[in-house]
Novice: 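Can you read through this structure? Questions will come right after.
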Amino acid sequence: MNNDVSNTVLASNSNYLPDGYSSVGNKMYGINPVGNLIELSDKLITPIAKVCSIDASSDYGVLLAIDVQGEQREFIVNSKVVFSGIGKLLASLADAGVNISPTQLDAFKRFIQKAISMPSLPTKYTIKRSGFIPNQLAFAIAEKVLVGVSDTNSDGDYISVIPPAEGLITQGSEDDYLSNVLNAIETKPQIFALCAALAAPLAQLVGLEGGGFHIYGASGCGKSTLLQCYASVMGLGSEPGDGSQESFILRWSSTSNSLEALSSERSGVGIAIDELGSFRAAKLSSVLYKFLSGKGQARLTSSLELAKQHSASVSLLSSGEISVEEKLLLSRETVNAGILVRLPSMLLTAQDMALDGESMLETAERIESFKEACSEYGGTLGPTFIQALLDKYESRYSLNNDVSQQWQQTISELADYASNSIQRRVIRRFSLVLLAGWMAVDMELIPFSEDEITESVTFMIERWLEDIETSKTDVERAIDRLSAYLRRNYHRIPDSDDPEIKGAIDGYKHKGLYLLLLPQVFHQICEGVTPVQVGDELKKMGALKHDSGKQKYRVSVPCTGKRQYFYAIHQSFIHELLDSDLEEQADGTSGDLDDALEESH
């Protein structure tokens, strides 16, 4: 085709296409490098905005609009496809009914490059993760972006490309939710679940480590009711797995990879997850650490470089018939305090969901009505709470700073419930729930008083504290493992003067006063805890005989004739765990144990 014809056709070029391109009869044409007119696409493809990441450091591209049978479809084209392969984009366009000839691939790449360079196009920012948008008074929930009145951008300046999360939808109005759900909340556990959901976005603001709460108890105690209440704040709280409608509630039976994907689509909005006992993947502890960290698995780019990772803010409410600790023990995994701090367990009973003077039938009917309401109305309170937060402040800095200061105040309110550093970490999490509830009361979003919020949170704290295991540190747990090991193996540990010892041994009973453990055995019992920390704790307890300035004790073992180092543990350390005859023997030992041992040499 000659240039005269080409110029005639391109004379109809519109302002919304790059120079050198035009539409005729809803088809798009351009000029190839030799000056010929070519049909580039059988549909008009219109650039409507440049795109990039919120920090303008990556993800540059262009937003294209395509009219497909009267409906406008939008596609984001990353500039990298010009150099790294355009096949996936063409396949997506073809699936949408837009056909581009394989012979025009280079021409289409040139179109993309020119579109990205159009000076008249506005810039929009792509959002890949839900939650607060860095350095902005804005928050992404699924395809919606909530923007504060003082934010420098409008909601139209953001494009959410967050994967759709099942159940993260709005159903019914705010008034519907108030009348049917909020006004039907009458017990302390329900109020706690509601406030825990509101605390999810605050966790991101204050930088609280990923975690949440685990509710456990017998079937029918109300666990699923609390999950539905929690889920209804941000999405739809329908019963999971009934198949009638989508639900914001998930199952622990999901694979570890599925859990990892949740951190991106539900960052800052909370995760409701049911039936801990159904988790079947290996190493629950490692899955939990990875999941709650929000970082996911490290991956390599196509150029074999470590891909940049963005941490998500993970907050969840979990449930099951057993506690997190019981699940770990049943799976023969080490119970570390770190997991129990991030996901403390609280026992729920059926009585906790009943009202005074209410019969069992009346309680069941009331709870069933509440569950149905959570299935019909939801997804309004959470966004309204977040929008009120965004509108209240003039900058993201002032928002973060004020929420952090208020959080410290609520931590002080609950400080008396913690007696050690481990418990204080858990109280920080409870304190954020308390703050979220108080803030919602101040915003007049929920029909409760500050006292009712406080009572619900302290009620659940007391339930957590009832399980003494959750208050132990990793070192204390290592001491427990040591005690259990010695109790199980006491009768097979040989005496140090036994000439008949054969085969490998773990240690010796020595002079009736000490249990000498080989260092490598002691280290295995400590598992993930530093042996020095365990040794220091044993010294504080007066349970460890040691050389000056050391934790080990060098002693000559009669059966070997060698002097070697052991962890020398007073036999009295476990005397209360042994059989009654051994207890009597230990009780009959008089005098200073250290002096007695020295005199025996």
Novice: May I have the step-by-step check of salt bridge (charged side-chain N to carboxylate O under 4.0 Å, His left out) for K188 and E462, ending in yes or no?
Specialist: CA-CA 12 Å; K188 294 173 182 176; E462 289 166 356; over 6 Å; no

Novice: Locate the shortest heavy-atom distance separating Y177 from S232; write the atom from each residue and the value.
Specialist: OH-OG, 2.8 Å

Novice: State which residues pass salt bridge (charged side-chain N to carboxylate O under 4.0 Å, His left out) with R428; sequence neighbours excluded, sorted by chain then number.
Specialist: none

Novice: Quick one: side chains of residues 205-214, donor-acceptor pairs under 3.5 Å with protein atoms, not counting sequence neighbours, listed by atom name and distance.
Specialist:
{"unit_1": "E209", "atom_1": "OE1", "unit_2": "R425", "atom_2": "NH2", "d": "3.3"}
{"unit_1": "E209", "atom_1": "OE2", "unit_2": "R425", "atom_2": "NH2", "d": "3.0"}
{"unit_1": "H214", "atom_1": "ND1", "unit_2": "S318", "atom_2": "OG", "d": "2.7"}
{"unit_1": "H214", "atom_1": "NE2", "unit_2": "I322", "atom_2": "O", "d": "2.8"}

Novice: Would you call the rings of H523 and Y567 parallel, tilted or perpendicular if under 30° counts as parallel and over 60° as perpendicular?
Specialist: perpendicular

Novice: So do the side chains of C229 and F370 get within less than 4.5 Å of each other, counting heavy atoms only?
Specialist: yes

Novice: Checking E362 now: which residues fulfil side chain to side chain contact (heavy atoms under 4.5 Å, CB included) with it, not counting sequence neighbours?
Specialist: E358, S359

Novice: With a 3.5 Å cut-off and sequence neighbours excluded, list the donor-acceptor pairs that the side chains of residues 433-446 form with protein atoms.
Specialist:
{"unit_1": "W438", "atom_1": "NE1", "unit_2": "E450", "atom_2": "O", "d": "3.3"}
{"unit_1": "W438", "atom_1": "NE1", "unit_2": "T454", "atom_2": "OG1", "d": "3.2"}

Novice: Going by the rule side-chain hydrogen bond (donor to acceptor under 3.5 Å, both in side chains), which residues pair with S224 if we only count those two or more places apart in sequence or in a different chain?
Specialist: K371

Novice: Sequence neighbours excluded, which residues qualify as side-chain hydrogen bond (donor to acceptor under 3.5 Å, both in side chains) partners of S395?
Specialist: S398

Novice: Considering residues at least two apart in sequence or located in another chain, which fulfil the side-chain hydrogen bond (donor to acceptor under 3.5 Å, both in side chains) criterion with Y485?
Specialist: D506

Novice: Restricting to salt bridge (charged side-chain N to carboxylate O under 4.0 Å, His left out), what partner residues turn up for R481, sequence neighbours left out?
Specialist: E527

Novice: So which atom in M460 and which in F192 form the shortest heavy-atom distance, rounded to 0.1 Å?
Specialist: CG-CG, 3.5 Å

Novice: Test of understanding: with side chain to side chain contact (heavy atoms under 4.5 Å, CB included), list the residues that count as partners of E174, not counting sequence neighbours.
Specialist: T380, T384

Novice: Using a 3.5 Å distance criterion without hydrogens, assess whether the side chain of D391 forms a donor-acceptor pair with backbone atoms of V149.
Specialist: yes

Novice: Of all residues at least two apart in sequence or in a different chain, which pass the salt bridge (charged side-chain N to carboxylate O under 4.0 Å, His left out) check with D352?
Specialist: R463

Novice: Can you say whether the rings of Y158 and Y125 are parallel (under 30°), tilted (30 to 60°) or perpendicular (over 60°)?
Specialist: tilted

Novice: Judged by modelled atom types alone, do S173 and D176 share a side-chain donor-acceptor pair under 3.5 Å?
Specialist: yes

Novice: Looking only at non-hydrogen atoms, find the nearest pair between P531 and C526 and report the distance.
Specialist: CA-SG, 3.9 Å

Novice: Tell me every residue that passes side chain to side chain contact (heavy atoms under 4.5 Å, CB included) with A165, counting only those two or more places apart in sequence or in another chain.
Specialist: L168, E265, R266

Novice: Could you measure the distance from the CZ atom of F139 to the CG atom of L146? Nearest 0.5 Å is fine.
Specialist: 7.5 Å

Novice: Who pairs with E275 by salt bridge (charged side-chain N to carboxylate O under 4.0 Å, His left out), at least two apart in sequence or on another chain?
Specialist: R251

Novice: Can you name the closest pair of heavy atoms from L198 and F385 and give their distance?
Specialist: O-CE2, 3.5 Å

